[in-house]
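These notes are about the structure you will find just below.
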Amino acid sequence: MRQRGEVAPQVEKRILRPCEPAVEPACPCMRGEQGAQGRARDADRAREFIDGTVRLDAQGVLFDALTADEAGRAVVAGAGIDAGEFGHDALLRRDGWARPVACPRGGRGRSPREPRRVMSDPALQPVVKEIPPKAADLSAWYTAVCLKAELVSYSPVRGCVVLRPYGYGLWENLQKHLDKAFKDTGHENAYFPLLIPEGLLLKEAEHVEGFAPEVAWVTHGGQEELTERLAIRPTSEAIIGVMYAQWVESYRDLPILINQWANVLRWEKATRPFLRTMEFLWQEGHTAHAHAAEAREETLKMLDVYREFAENVAAVPVYAGIKSASERFPGAVETFSIEALMPDGKALQSATSHDLGQNFAKAYDIKFLDADQQIKYAYTTSWGMSWRMLGAMIMTHGDDRGLRIPPKMAPLEAVFVPIVRKGDERAVAAAHDAAKTLREAGFRVRVDDRDQQPGWKYAEWDVRGVPLRIEIGPRDVDAGTVVLVRRDKAKGDPEQKQSVPLDQLAQHVRVSLDAIQLSMYEEAKAFLHEHTPRANDRAEFTRLCKERAGMVDITWCGRAACEAHVKAETGATTRNTRALDGDETSCVACGEAATVRAYFAQSY
RNA sequence: CGGGACGUAGCUCAGCUUGGUAGAGCGCUUGCUUUGGGAGCAAGAAGUCGCAGGUUCGAAUCCUGUCGUCCCGACCA
């Protein structure tokens with residue numbers, strides 16, 4: 001068998017160099033760029049006659065020198081080929097088969113492929129090449145920004161991304177803040193195995209059922225098939241529950257307050273950077289308590305830690321509340337969540353906190369002898385936030401120039417861009433000096449002294465969302481100043497640029513970063529509030545849900561059937577619920593008695 | 001997992017309908033000139049056309065399969 005592309009020997013020797021066409025085509029549509037109507041396929045052994053010149057290819061397929069490739073033409077046509085070599089001798093009897101082919105009227109011109117996205121509205125032209133405008137296509141914008149800002153790369157593993165150093169920097173800042181909050185509330189870190197024996201996972205029925213479709217299994221160790229399959233953890237309640245059972249004997253052993261920073265794996269069908277990947281990073285807290293009230297208190301405390309982190313660090317405003325029964329964590333008594341609103345009107349669950357009651361303690365046998373000499377099951381909780389929170393932050397704050405990172409999350413708080421002129425590189429040294437001063441004051445900064453145009457660097461750091469840019473050029477060196485440029489403000493905004501004395505740089509940077517953090521949060525909060533309509537009747541409610549108007553706030557009956565009906569009709573589900581705040585008595589969605597207020601939205 | 005689209009140089013894509021020597025722009029390398037919002041000139045390097053089969057004298061192009069990505073649904077942190 002010949003290799004691909006290798007030409008049979010008998011043809012090879014006949015290949016001539018490209019030659020000029022012998023004739024002009026009878027019709028433009030005969031040219032390569034035009035489609036002659038339905039020129040028959042090879043299988044049809046098409047034949048054509050053009051301007052008296054008859055050509056055929058090696059299969060005996062006739063073609064003219066103007067439409068097919070020059071070399072190929074030369075092979076067969078020019079040389080008066082002996083078709084016997086190819087077994088098509090019948091076709092070579094020109095007189096017998098050559099006949100004119102009608103030239104189709106307009107031809108069927110091949111139109112250039114449509115651009116992927118048509119953006120005829122000038123307002124929707126990209127500001128940065130390779131990043132589509134955010135408002136035109138949030139999905140495309142999001143993916144482009146994640147890649148262009150070098151947060152992630154796709155990997156050869158389906159559904160798994162590489163978290164690049166800049167993206168990992170975001171994760172480290174999330175870890176830093178959350179970890180401190182966990183420690184401040186009395187928790188310790190530990191690490192549990194990645195693999196969970198099947199039998200263990202099966203112990204909590206609801207839990208198994210909930211995760212079954214997305215569990216990956218290890219079935220072999222080397223060549224040997226395992227007698228018991230091992231699940232790659234989709235979450236760690238099972239393995240941790242078993243260990244807690246070993247550790248707890250007395251009420252004096254409680255509470256256990258442990259957090260784990262880990263990766264987990266869920267066999268997802270559709271994936272997107274941060275929002276949904278098969279393997280993802282998260283933290284999962286697991287606690288065990290002697291009393292139900294204490295477990296509930298813990299659940300709510302951690303929910304508040306998440307809310308506080310989202311709002312004050314990631315600058316993402318959220319609604320905290322109780323999940324409906326259908327959205328509850330498999331096996332939990334009650335699930336609480338914080339929910340953020342994305343620019344397209346879809347909600348993004350950013351963290352969850354579960355009161356597991358005694359369900360898991362019973363499944364994994366976590367029991368203790370209480371002070372009253374009774375053996376009792378413990379009350380457990382679990383709570384988690386994943387790198388999905390980064391996705392929420394990216395979508396909430398980014399703009400057409402790229403990422404905008406809130407200062408507290410930014411791997412780099414400020415970047416120096418020195419401007420050099422021929423024979424004047426003082427700015428570079430000045431920038432390094434100033435950067436050293438800032439670093440010593442605790443700021444995360446870098447000097448971009450790469451060999452690129454200043455404008456190029458501005459655009460680059462805009463895409464990567466560094467909150468503050470510090471320009472320093474010859475004029476500044478002379479004047480003893482620098483120019484601070486805020487990423488959160490638009491070009492031309494009077495607040496965007498500010499010239500400050502070099503010797504007061506640290507104070508000004510501090511003030512600017514704080515202002516940026518606050519301003520970004522306020523902006524996002526305004527968006528959330530503007531997109532939290534209260535619907536008062538069913539028609540309005542349905543319309544708002546369908547339009548993705550935001551977090552549609554209604555009084556709700558709390559019934560699963562009602563929720564399912566709303567979902568089928570509008571695509572929206574409850575995000576979370578809270579206590580009624582007035583005398584409302586009927587559910588806006590179905591008219592039954594209302595029991596709670598609920599936010600409804602389509603969600604990620 | 002259903003419906004749709006797409007895999008060609010690092011990136012964005014053209015070429016495919018009608019099989020005939022692998023293309024452009026940007027980026028990259030080197031040199032010079034530049035540098036306060038993605039610089040200019042010159043020279044240069046770079047692709048087993050996702051992968052595997054099949055058809056053919058010959059496949060980026062046609063056929064089958066497969067893997068991956070994106071979009072819309074369903075499901076989920």
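Just so it is clear, the model here is predicted, and its values are computed rather than measured. Convention: sequence-line order gives letters A, B, ...; per-chain numbering from 1.
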Under the rule for ring pair (Phe, Tyr, Trp, His ring centres under 6.0 Å), what residues qualify as partners of [X], not counting sequence neighbours?
X      : result
A:F280 : A:W282
A:F274 : A:W387
A:F416 : none

- Task: Select from A:K497 and A:R266 the residue whose nearest nucleotide in RNA chain B is closer to the 5' end of that strand.
- Result: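 Its nucleotide being nearer the 5' end, the pick is A:K497.
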
- Task: Take A:Y154 and A:K346, find for each the nucleotide of RNA chain B with the closest heavy atom, and name the residue whose nucleotide sits nearer the 5' end.
- Result: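 Taking each residue's closest nucleotide, the earlier one in sequence belongs to A:Y154.
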
- Checking all strands, does A:T277 fall into the base, sugar-phosphate, or nothing category for heavy-atom contacts under 4.0 angstrom? base

- Message: Please classify the nucleic acid contact of A:P474 as base, sugar-phosphate, or nothing, using heavy-atom distances under 4.0 Å.
- Response: base

Would you tell me if any nitrogen or oxygen in the side chain of [X] comes within less than 4.0 Å of OP1 or OP2 on [N]?
X      : N     : value
A:T352 : B:A77 : no
A:Y142 : B:C70 : no
A:K148 : B:G27 : no

- Query: Which of residues 476-485 of chain A sit near RNA chain B, with a heavy atom under 4.0 Å from it?
  - Reply: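 Under 4.0 Å from RNA chain B: A:D476, A:V483.
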
If you restrict it to nitrogen or oxygen atoms, what contacts under 3.5 Å exist between nucleotides 39-42 of chain B and the protein, and what is each distance?
unit_1 : atom_1 : unit_2 : atom_2 : d
B:A39  : N7     : A:Q453 : OE1    : 3.1

Applying side-chain hydrogen bond (donor to acceptor under 3.5 Å, both in side chains), name anything that partners [X], two or more places apart in sequence or on another chain.
X      : result
A:R486 : A:D488
A:Y154 : none
A:T143 : none

- Message: Distance alone, cut at 3.5 Å: any donor-acceptor contact between the side chains of A:S236 and A:Q260?
- Response: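 The criterion, which ignores hydrogens and geometry beyond distance, is satisfied for A:Q260 and A:S236.
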
Tell me which donor-acceptor pairs under 3.5 Å the side chains of residues 459-466 of chain A have, and how far apart each pair is, sequence neighbours excluded?
unit_1 : atom_1 : unit_2 : atom_2 : d
A:W461 : NE1    : A:D448 : OD2    : 2.7
A:D462 : OD2    : A:R401 : NH1    : 2.9
A:R464 : NE     : A:A149 : O      : 3.3

- Can A:Y458 be classed as stacking with the base of B:G38, given a centroid separation cut-off of 5.5 Å and a plane angle cut-off of 30°? no

- Task: Tell me the partner of B:G68, counting only Watson-Crick (N1-N3 plus N6-O4 or O6-N4) or G-U wobble (N1-O2 and O6-N3) with both under 3.5 Å; none if nothing fits.
- Result: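 B:C6 - that is the nucleotide pairing with B:G68, both distances being under 3.5 Å.
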
